[in-house]
Number of protein chains: 2
Amino acid sequence: MAGSNVDTVVDAITEAVRNGRLVPGTRLVEADYTHDFGFSRSTVREAFQRLISTGLLTFERHRGVSVCKLTRKQAVDIYRVRANLEGLAARLATEQIKRAPEICLELQQKLDDAVEKSDLPLFSQLNTEFHALIAKAADNEYLLQAIQQFETSIFWLQFRVLVGQNAVFTTNDDHRLIVDAMVAGDAKRAERAMVDHIMKASKLVQELDDDYFKIDK
Amino acid sequence: MAGSNVDTVVDAITEAVRNGRLVPGTRLVEADYTHDFGFSRSTVREAFQRLISTGLLTFERHRGVSVCKLTRKQAVDIYRVRANLEGLAARLATEQIKRAPEICLELQQKLDDAVEKSDLPLFSQLNTEFHALIAKAADNEYLLQAIQQFETSIFWLQFRVLVGQNAVFTTNDDHRLIVDAMVAGDAKRAERAMVDHIMKASKLVQELDDDYFKIDK
DNA sequence: TGTTGATAAATTGTCTGACAATCTAATCAG
DNA sequence: CTGATTAGATTGTCAGACAATTTATCAACA
């Protein structure tokens, strides 16, 4: 699947950050990765460089790379941009979703079921799919890429937000509003609904415990 | 200025793409860069990797990297995203610009002068500064970075758009509308004005000659 | 005890050189 | 002139090296 060895490392690190195995602040030591993957330093370093410009890793001279930490403000800033981008995506996607609403409605149904069963991991996964579906339906590769990039940087936060409160229910109500607007072909409303949805999540992040943004050494 | 050698190469390539010395489609051969900069392959390759994930360079296995080409649709897609992002920036920047409008008004004046003197290069540079000023005033590092990334990918196009028509004048009228709204503290209006402004540029790109999007190998 | 400073170990930045895999260009046969 | 073959260029990847710098270790000292 991954073309080069560099891709393999990039994908592995990305996935590890997403699922929380690599916590923000963790330093990535070249030697660990050369050892784990059996690749050379060149390859590992090239992978690191790729991840630096996506914003997933930071880098300090002579200290190597580490998983980006986020201050509360930074997290909120990301949500702002994300709201804007996904709002645009919802607006642009409306036309296509209206034409073929089946997949979207089906996903909506699955989300409802997951809430019913209080299956949080499933809900989280379906939630990701939901947003991805809309981002893709917008038919704009740059928009899609930007959305996915930001989504990756805050994925770990999102999960915690969902866990914290029983925000799941509110969240799912939002989904319905978005889907309704899109199926009705009301692009403007879909956009507003999406923006509101994400800004609501932003609010939750703002109230999140300090621990999540600890800036220990 | 640039910390590492990698940074040096990254900056040089970025600048070369911006000012059109590196045309879309150009292949970047490692050997050329090791030779020109006197750096080793490792360093040059790391720089390439960094630029791949910003979207400035594409990469094909065993064929190396080349400057990203844009189809007409891709260019228009970028403008869509950019319009939204810069619109958001204008909205967020309004508060600060309203508090200290001097710099902005001064820039506006310089732009007017450049138009008066028909000094296109100067206008282009000031135009870039204008958009950068607003993006920075929004006080959101992620927004800023995203805007700058997209701006870099289409900079060469923008210049051609300006040259083509005497679109400079219309463009500058737009600027005034944006500044007026911000100085008046009307964030919503500033956002709309900015979106309109950029979507207008997008229209010009759509009408641009096919040559600019030629996909010769 | 706890701080300080010197020393050793670990880690990164960068270079050189190597070789297989693959792409590209030159060459030759028909 | 076209298609096939060969030689050359370029990339993917590795190993090993060494200086610069950070981090850890540990003993001397207040």
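Every chain is numbered from 1, with letters handed out A, B, ... down the list of sequences.
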Nucleotide [N], atom [atom2] - distance to [atom1] of [X] in whole Å:
| X | N | atom1 | atom2 | value |
| --- | --- | --- | --- | --- |
| B:N5 | C:dT12 | CG | C1' | 13 Å |
| B:E46 | C:dT12 | CD | P | 12 Å |
| B:H35 | D:dA9 | NE2 | C1' | 16 Å |
| A:D7 | D:dG12 | CG | P | 10 Å |
| A:Y33 | C:dT12 | OH | P | 11 Å |
| B:E60 | D:dT11 | CD | P | 12 Å |
| B:F37 | C:dT14 | CZ | P | 13 Å |

Listed partners of [X] passing side chain to side chain donor-acceptor pair (under 3.5 Å), at least two apart:
| X | answer |
| --- | --- |
| B:S42 | B:S40 |
| B:K110 | none |
| B:E60 | B:R63 |

Validation: residues 143-150 of chain B side-chain donor-acceptor distances under 3.5 Å, sequence neighbours left out:
| unit_1 | atom_1 | unit_2 | atom_2 | d |
| --- | --- | --- | --- | --- |
| B:Q149 | NE2 | B:T54 | O | 3.2 |

Atom pairs and distances, side-chain donor-acceptor, residues 92-106 of chain A, under 3.5 Å, sequence neighbours left out:
| unit_1 | atom_1 | unit_2 | atom_2 | d |
| --- | --- | --- | --- | --- |
| A:T94 | OG1 | A:A90 | O | 2.8 |
| A:T94 | OG1 | A:R91 | O | 3.4 |

Check ion pair B:E151-B:R18 (N to O, under 4.0 angstrom):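 The answer is yes: the pair qualifies as a salt bridge.
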Contact class for B:F48 (heavy atom, under 4.0 Å): base, sugar-phosphate, or nothing?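 Contact class for B:F48: none.
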Categorize A:R61 for me: base, sugar-phosphate, or nothing, with a 4.0 angstrom heavy-atom threshold over every strand shown.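 Contact class for A:R61: sugar-phosphate only.
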For [N], take OP1 and OP2 only and decide whether either is under 4.0 Å from a side-chain N or O of [X].
| X | N | answer |
| --- | --- | --- |
| A:R45 | C:dG13 | yes |
| A:T43 | D:dG12 | no |
| A:R63 | D:dT23 | yes |
| B:R27 | C:dT24 | yes |

Between protein and nucleic acid, restricted to nucleotides 16-20 of chain C and to nitrogen or oxygen atoms under 3.5 Å apart, what atom pairs and distances do you find?
| unit_1 | atom_1 | unit_2 | atom_2 | d |
| --- | --- | --- | --- | --- |
| C:dA18 | N6 | B:R41 | NH1 | 3.1 |

Is the number of heavy atoms from other residues, nucleotides or ligands under 6.0 Å of A:K73 NZ greater than 12?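 Yes, NZ of A:K73 has more than 12 neighbouring heavy atoms, counting only those of other groups under 6.0 Å.
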